[in-house]
S.K.: 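Before we start, here is the structure in question, set down as structure tokens.
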Amino acid sequence: MLNSIVSRYTPLVITLLVLAPVVYVFTLMWWVPQGAKYVPGTVIVSLLIMAAGRRMLTFEDKGQCSLDLFTKVLWLYVGYIAAVYALQGGSWSELRAFICLALYMQFVRRLRLSESWCIRLLMASSFALTVLVFYEYLQHGGRVGGSINPIPFATVIGMLLLILYSWIIFAEKKPLLKTIASLLVLALLVSLMMTQTRGVLITVLGAVVILPLFAGLAQTGARSRKIALALLVTLLAAGSGLAIFNSDRIEQTIDEVEAVSSGDFSTSVGIRLQLWSAAIPLISDSPIMGHGENYRDALEKLHDKGQLSTELYHFNAAHFHNQFIDTWVKKGVLGLFIFVTMLFVAIKAFWHSDLTVWRRVGGASIILLLIASALTDVPLLHVPVIFYAGFLIWILAAMRPMESKIYSQN
């Protein structure tokens, strides 16, 4: 009897232990002070457990995996930024996060996951993040940042919103789960508004409008179109109402644009424009390999030559508020090329695959959101976002329509 119980539940326990880093990143990490620094340890332990209990896990059959090419490009990016770090310095936390993500992806990318389990994990993540948002707001008011920064935190919330939104529109599901997911999407929309992050919010609301229209073309039947239309109307009504509470932020944006047009570059928009302009001579000085950590010395030289304003020099930005420009300055054109290739391959991994429609659409949507966010911020320099986005990409590609268990016996 005991042997029967052990043999039945041991695969489940081992699978849960292997998935511990993903569960932690999606839920508890945001509540633990500097929670991202514990992820590498959980990744190492989970991989050791996986090596010991590999026979009890269920993997995809041998052959082409949708994430094979993405994993190779990810390793190429890791190798390149490691070389830049060794030669010119850089961010160790960024390098360590990408190494851990690549290691985990290398060994678990073919692990089969129950779709129902993954959906429940996404719902649990939505609950954990929205509760954190309201907790922070009640504590201090104003913009909320999820213990990291409002902009990258908004990117995480936006990714999660788009995934659940795609699932509601395109996937077959039970009415109860559909209702819960819809409520969570509304809660995530409120949370996104509370971050007051303009770029992410505009991109997400654009996707909210486009995806139901795409659903009307991709799905047949009046019922599917009615569901998509009802959800669209609800979200737009909620978004319009919440936008009223963000009217100060909208007015601030208008004032900043007007200030720039009159020659005042001290605003948030103006600082970004100055940073992007300052990046041009830095790129021309070292276009191939970039400056690494030495970009600060290069900025100081520009200031000494009078090519950089004193205000911007004292602003002492840790990055250039544009991931593509920041990557080019610090890692050179080779680093930028590999980074862009990695994003392109990630989209291709979803769009040209045998995955279900909602995962293809949802996966491509979150990559496009990352790209849009990278135009005014550096989401994939923030360690929590690196882990969250990487693990989200993996579970979307790993889940399969299986029975409602986390594992399956062949």
Side-chain angles (χ1 to χ4, degrees), residues 70 73-74 76-85 88-91 93-95 97-98 101 148-156 158-159 197-204 206-207 260 268-296 298-299 302 308 312 315 317-349 364-386 388-390 393:
F70 173 77
V73 178
L74 176 60
L76 180 61
Y77 188 65
V78 168
Y80 182 82
I81 62 177
V84 172
Y85 180 84
Q88 303 186 102
S91 172
S93 59
E94 175 202 6
L95 175 58
F98 273 111
L101 177 61
I148 49 173
N149 182 285
I151 301 176
F153 185 61
T155 303
V156 170
M159 288 191 294
T197 304
R198 295 162 288 193
V200 176
L201 179 60
I202 292 172
T203 304
V204 170
V260 169
S268 176
V269 174
I271 290 292
R272 280 174 166 79
L273 292 175
Q274 289 188 75
L275 284 170
W276 299 344
S277 177
I280 297 174
L282 297 186
I283 291 172
S284 63
D285 287 343
S286 182
I288 305 301
M289 287 293 293
H291 292 272
E293 193 64 23
N294 300 322
Y295 80 96
R296 295 181 184 274
L299 282 174
L302 287 179
L308 186 71
L312 183 60
F315 183 71
H319 53 76
F320 287 81
H321 285 277
N322 180 302
Q323 184 121 33
F324 304 105
I325 294 176
D326 191 82
T327 301
W328 199 346
V329 169
K330 297 177 182 177
K331 303 177 178 70
V333 69
L334 292 177
L336 176 62
F337 176 77
I338 299 172
F339 178 74
V340 172
T341 300
M342 184 171 62
L343 295 174
F344 173 78
V345 169
I347 294 178
K348 185 175 182 294
S365 297
I366 64 172
I367 304 300
L368 292 174
L369 175 60
L370 283 172
I371 293 173
S373 178
L375 295 176
T376 55
D377 191 50
V378 286
L380 293 177
L381 281 184
H382 296 275
V383 174
V385 183
I386 293 173
Y388 199 99
I393 289 171

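Residues: numbered from 1 along the sequence shown.
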S.K.: Please list, chain by chain and in numerical order, all residues satisfying side-chain hydrogen bond (donor to acceptor under 3.5 Å, both in side chains) with Asp326, sequence neighbours excluded.
M.R.: Lys330
S.K.: Would you say the side chain of Asp377 lies within less than 4.5 Å of the side chain of His319, judging by non-hydrogen atoms?
M.R.: yes
S.K.: Just how far is it from atom CD1 of Ile371 to atom CZ of Phe344, taken to the nearest 0.5 Å?
M.R.: 10.5 Å
S.K.: Would you mind reporting whether Gln323 and Val378 have side-chain heavy atoms less than 4.5 Å apart?
M.R.: yes
S.K.: NZ/Lys331 to CG/Leu336 distance, rounded to the nearest 0.5 angstrom?
M.R.: 10.5 Å
S.K.: Nearest heavy-atom pair of Val383 and Ala97: which atoms, and what distance?
M.R.: CG1-CB, 3.9 Å
S.K.: Measure the spacing between CZ of Phe320 and CD1 of Ile283 and express it to the nearest 0.5 Å.
M.R.: 8.0 Å
S.K.: What I'd like to find out is whether the side chain of Val84 reaches to under 4.5 Å of the side chain of Tyr80, using heavy atoms alone.
M.R.: yes
S.K.: Out of curiosity, Thr155 OG1 to Leu369 CG, how far, rounded to the nearest 0.5 Å?
M.R.: 6.0 Å
S.K.: Nearest heavy-atom pair of Ala279 and Ile325: which atoms, and what distance?
M.R.: CB-CG2, 3.3 Å
S.K.: Please list all pairs passing the side-chain hydrogen bond (donor to acceptor under 3.5 Å, both in side chains) test where one or both residues lie in residues 336-348, with sequence neighbours left out.
M.R.: none
S.K.: Would you say the side-chain atoms of Thr203 pair up with the backbone N or O of Gly199, donor to acceptor, closer than 3.5 Å?
M.R.: yes
S.K.: I'd like to know if the side chain of Ser284 and the backbone of Pro281 have a donor-acceptor N/O pair within less than 3.5 Å.
M.R.: yes
S.K.: Kindly compute the distance separating CG (Leu375) from CZ (Phe324), expressed to the nearest 0.5 Å.
M.R.: 6.0 Å
S.K.: For residues Ser373 and Val200, report the shortest heavy-atom separation together with the two atoms involved.
M.R.: OG-CG2, 4.1 Å
S.K.: Can you name the closest pair of heavy atoms from Tyr388 and Met159 and give their distance?
M.R.: CD2-CE, 4.1 Å
S.K.: Taking the side chain as everything from C-beta on, heavy atoms only, tell me whether Ile393 gets closer than 4.5 Å to Ile366.
M.R.: yes
S.K.: What I'd like to find out is whether the side chain of Ile151 reaches to under 4.5 Å of the side chain of His382, using heavy atoms alone.
M.R.: no
S.K.: Taking Ser91 for its side chain and Glu94 for its backbone only, find out whether a donor-acceptor pair lies under 3.5 Å.
M.R.: yes
S.K.: What is the ring orientation for Tyr77 with Phe339, classed by angle as parallel under 30°, tilted 30 to 60°, or perpendicular over 60°?
M.R.: tilted
S.K.: Taking all non-hydrogen atoms of both residues, which atom of Ala389 and which atom of Leu380 are closest, and how far apart?
M.R.: CB-CD2, 4.4 Å
S.K.: Taking side chain as C-beta onward, heavy atoms only, is Trp328 less than 4.5 Å from Leu282?
M.R.: no
S.K.: Kindly give the heavy-atom pair with the smallest separation between Ile148 and Pro384, and that separation in Å.
M.R.: CG2-CG, 3.6 Å
S.K.: Please lay out, stage by stage, how Leu76 and Met342 fare under the test side chain to side chain contact (heavy atoms under 4.5 Å, CB included).
M.R.: CA-CA 9 Å; Leu76 180 61; Met342 184 171 62; over 6 Å; no
S.K.: Would you check if the side chain of Thr197 reaches a backbone N or O of Pro150 as a donor-acceptor pair within less than 3.5 Å?
M.R.: yes
S.K.: Rounded to the nearest 0.5 Å, what's the gap from CZ on Phe98 to CD1 on Ile386? Could you check?
M.R.: 4.0 Å
S.K.: Quick check: does any side chain N or O of Gln88 sit under 3.5 Å from a backbone N or O of Gly290, one acting as donor and the other as acceptor?
M.R.: yes
